[in-house]
Amino acid sequence: MAASKKIIAEIEHLRNEINQHNYLYHSQDDPIISDAEFDRLFRDLKSLEKQYPELISNVSPTQRVGSTPLSSFSQVVHELPMLSLDNAVGKDGVFEFDRRIKTRLQSDGDIRYACEPKIDGVAVSLLYENGQLTRGATRGDGTTGEDITQNVRTIESIPLQLMGQGYPRRLEVRGEVYFAKSAFRKMNELAHSRGEKVFANPRNAAAGTLRQLDSKLTAQRKLAMFCYSVGLAEGELPDRHSEILARLGTWGLRVNPLVDVVIGAGRLVEYFNSIGEQRESLDYEIDGVVFKVDDIGLQQELGMLTRTPRWAVAHKFPAEEGITRLNDVEFQVGRTGAITPVARLEPVKVGGVTISNATLHNMDEIARLGLVVGDTVVVQRAGDVIPKIVSVMLEKRPRKTRKVKLPAACPACGSEILRSEGEVVVRCTGGLSCSAQVKESIRHFASRLALDIEGLGDKLVEQLVDEGLIENAADLYQLTEENLVKLERMAPKSANNLLEALEKSKETTLPRLIYALGIQEVGESTARNLAMRFGDLDALQNADEELLQTVADVGPIVAHKIHHFFQQKNNLAVIDSLVEIGLQWKVEETTVGEQRLNGETWVLTGSLSKLTRNDAKARLQRLGAKVSGSVSKNTSCVVAGEAAGSKLTKAQELGIKIIAEDDLIVLLEEYGA
Ligand code: D41
């Protein structure tokens, strides 16, 4: 059936609608319709395109799913080379950059700079011809890159068709493609649970995903892009860099919301500090900031050196890497018996924090690094994660070294240790007769996201187990003031506080309880999914592996672990004792009530003293809130910490609700996050 004018118009209308909502969601972080409504528009368009396949266009939003795999990438020669950035080192370096510019321009007046976060991703060029995305390429060596058109077409924040009007006939946009930290974590968790390869960091994941020959795989991974400059442009553009970026935004291209314009070198340093403060709370990795002379006329006057423009500079955060000596490798026994090598290092300061331990994950990791005791190693610290060894400096290897050997028996209980088939982890077979495993599982049971038993610290658990007062989590509830005060450093007051905390912990929720049990591979979010799916512990205990796999995030491996856990007599005995001492859990409220901030957008500003930014953010997100980096009329609430600056002012101007850190803590606790 030939399509009528009406059908053509309908298809056109749906595409525009979808593009608009896609833009609001992915580029503006500000959707105005629900996911369900969006899906409906999308389905309507797909079904029309199925009826009238002759109307399918390359720029239709349905055409982002990836196409037939390539056998190799073809080369792309950039019409204008993609330059690199010079570095300004330290505060002095920034002032020197400003001075050089003023000298060259023979000007004494303050210079106007555009400031941008420096995204730690992969530089990419996009070519738009008559508003249509016709080519995507990697930067490569700056002159020649690879044609990754099929892959960039799957990235939802990259428009296939520019919006609005007035874009140059040919427009080449440059920017950084990256993997969001949250998406990266999720992908790695999934890969890990399936026993697949995990990526070392979001940057590698982005590079690997962009160089994927099968774009259907790229489409399954959530990449995103921020645009930061224009290469080739056949048409008119504004005469300021900041205004060009704003114009790109109106055409539907995504520009970082933290881009700012400042005047004078002093303000550059302020911008750098302010971005540094926000670094942890951003959902993408940045390694510094970029300063650019804003006036395009002045940029042209300044010109460029061989590979770098004179009008721009990168100012990086201090390296979060350090060099030190590996003094020893010790083996720790975890909650599930996993035996993990831990590096004991000569203490070294990295990014302002002293590091003396680093995780080594497993023996394969040690083999991969080629590590021996005595080696000089490069250690890396990323945010609040445990430091790790990234490489060995072979040229510094001393003559006397010692090989790292897996102990013959469990270092805690002397039981046999085993490496099961298909697993890299080595485990102690001692189970609940291994004091290290017992201690770890009790610690886990009492931890904040589990039963949250206040005052039951690591040291105390250690004492209680070593003194033979407890053997499992349920035994905690048999403790009395009498046997507690006999412990070293335990006053009657603290003993009573602990008993009260234990009593309080008896009222809990099903997700917390499931998480607290410490089933292998069952983290907090899987626990929540299990609670939601089964509604009670009995139903979960009785579920077979097939049924378990109907739960989100639960694959065959995890299903097996859960099933196995509930087959163990000693686990069931602990659960029975918990019920007997009066542990109670709510089912309903926790599943529904936990998303008390659904649909709200929160902003954290200033420095927090009691919570870390990451913690505050994670807990708000757990309640369903979106945590954004900037204040707008859509912000629901701003949390103002110490020395909150422009965001606080803006919130006051817009009349948005503002609360202090203490209020936030009260709210989070009240809502159970
Ligand atoms: O965010 C970035 N990584 C970033 C990279 C940025 N915000 N701006 C940049 N500006 C340039 C010039 C000034 C040369 C247009 C860049 C890069 N270049 C760049 N990225 C990789 C190599 C160069």
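Each ligand, and each atom within it, is numbered from 1 in the order the structure gives. From a predicted model like this one, the values you see are computed outputs, not experimental measurements.
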* Are there more than 12 heavy atoms of other residues, nucleotides or ligands under 6.0 Å from atom CZ of Arg267? -> no

* Polar contact flag for Pro309 and ligand 1 (N/O pairs, less than 3.5 Å) -> no

* Asked: ligand 1 versus Arg174, non-hydrogen atoms closer than 4.0 Å: side chain, backbone, both, neither?
  -> neither

* Asked: Which atoms of ligand 1 are found less than 4.0 Å from any heavy atom of Trp311?
  -> 13 (C)

* Atoms of ligand 1 less than 4.0 Å from Ser84 heavy atoms? -> 23 (C)

* For Thr218 and Asn151, test the side chains for any donor-to-acceptor distance below 3.5 angstrom and give the result as yes or no. => yes

* Asked: Under 6.0 Å between ring centres, would you say that holds for Phe199 and Phe179?
  -> no

* Asked: Which is closest to atom 21 (C) of ligand 1 in terms of heavy atoms, Ala123, Cys227, Pro81?
  -> Ala123

* Ser242 and Asp294 side chains, donor-acceptor separation under 3.5 Å -> yes

* Asked: When you look for heavy atoms under 4.0 Å from ligand 1, do you find them on the side chain of Val290, its backbone, both, or neither?
  -> side chain

* Without hydrogens or angle criteria, can the side chains of Asn58 and Arg153 be said to hold a donor-acceptor pair below 3.5 Å? -> yes

* Side chain, backbone, both or neither: which part of Arg139 comes within less than 4.0 Å of ligand 1 when only heavy atoms are counted? -> side chain

* Asked: Side chains of Thr209 and Arg221: do they bring a donor and an acceptor to under 3.5 Å?
  -> yes

* To do: Could you tell me whether Phe226 and Tyr284 have their ring centroids closer than 6.0 angstrom?
  => yes

* With a 4.0 Å heavy-atom cut-off (strictly under), which part of Glu176 contacts ligand 1: side chain, backbone, both or neither? -> side chain

* Distance only, no hydrogens: is a donor on one side chain within 3.5 Å (strictly under) of an acceptor on the other, for Ser607 and Glu642? -> no

* Under 3.5 Å, is there a donor-acceptor pair between the Gln75 and Thr144 side chains? -> no

* Contact check, Ala314 vs ligand 1, heavy-atom distance below 4.0 Å -> no

* salt_bridge(Asp110, Lys102) N-O dist < 4.0 Å -> yes

* Can you establish whether the number of heavy atoms outside Lys216 located under 6.0 Å from its atom NZ is more than 12? => yes

* Asked: Can you list the atoms of ligand 1 that are under 4.0 Å from a heavy atom of Ser229?
  -> 15 (C)

* **Any Ile659 side-chain heavy atom under 4.5 Å of Leu664 side chain** => yes

* Do any nitrogen or oxygen atoms of Tyr228 come within less than 3.5 Å of a nitrogen or oxygen of ligand 1? -> yes

* Asked: At the 4.0 Å heavy-atom cut-off, does Phe226 count as touching ligand 1?
  -> no

* To do: Please determine if Glu116 has a nitrogen or oxygen closer than 3.5 Å to a nitrogen or oxygen of ligand 1.
  => yes

* **Leu83 neighbourhood, listing ligand 1 atoms whose heavy-atom distance to it stays under 4.0 Å** => 14 (C), 22 (C), 23 (C)

* Top protein contact for atom 10 (N) of ligand 1, by heavy-atom distance -> Lys292 NZ, 3.1 Å

* Structure fact -> For Pro117, the atoms of ligand 1 under 4.0 Å from one of its heavy atoms are 1 (O), 7 (N)

* Structure fact -> When distances are taken from atom 12 (C) of ligand 1, the protein heavy atom at minimum range is Leu85 CD2, 4.1 Å

* Asked: In the protein, which heavy atom is nearest to atom 1 (O) of ligand 1, and how far is it?
  -> Ile119 N, 2.9 Å

* With a cut-off of 4.0 Å, which atoms of ligand 1 are near a heavy atom of Ala312? -> 13 (C)

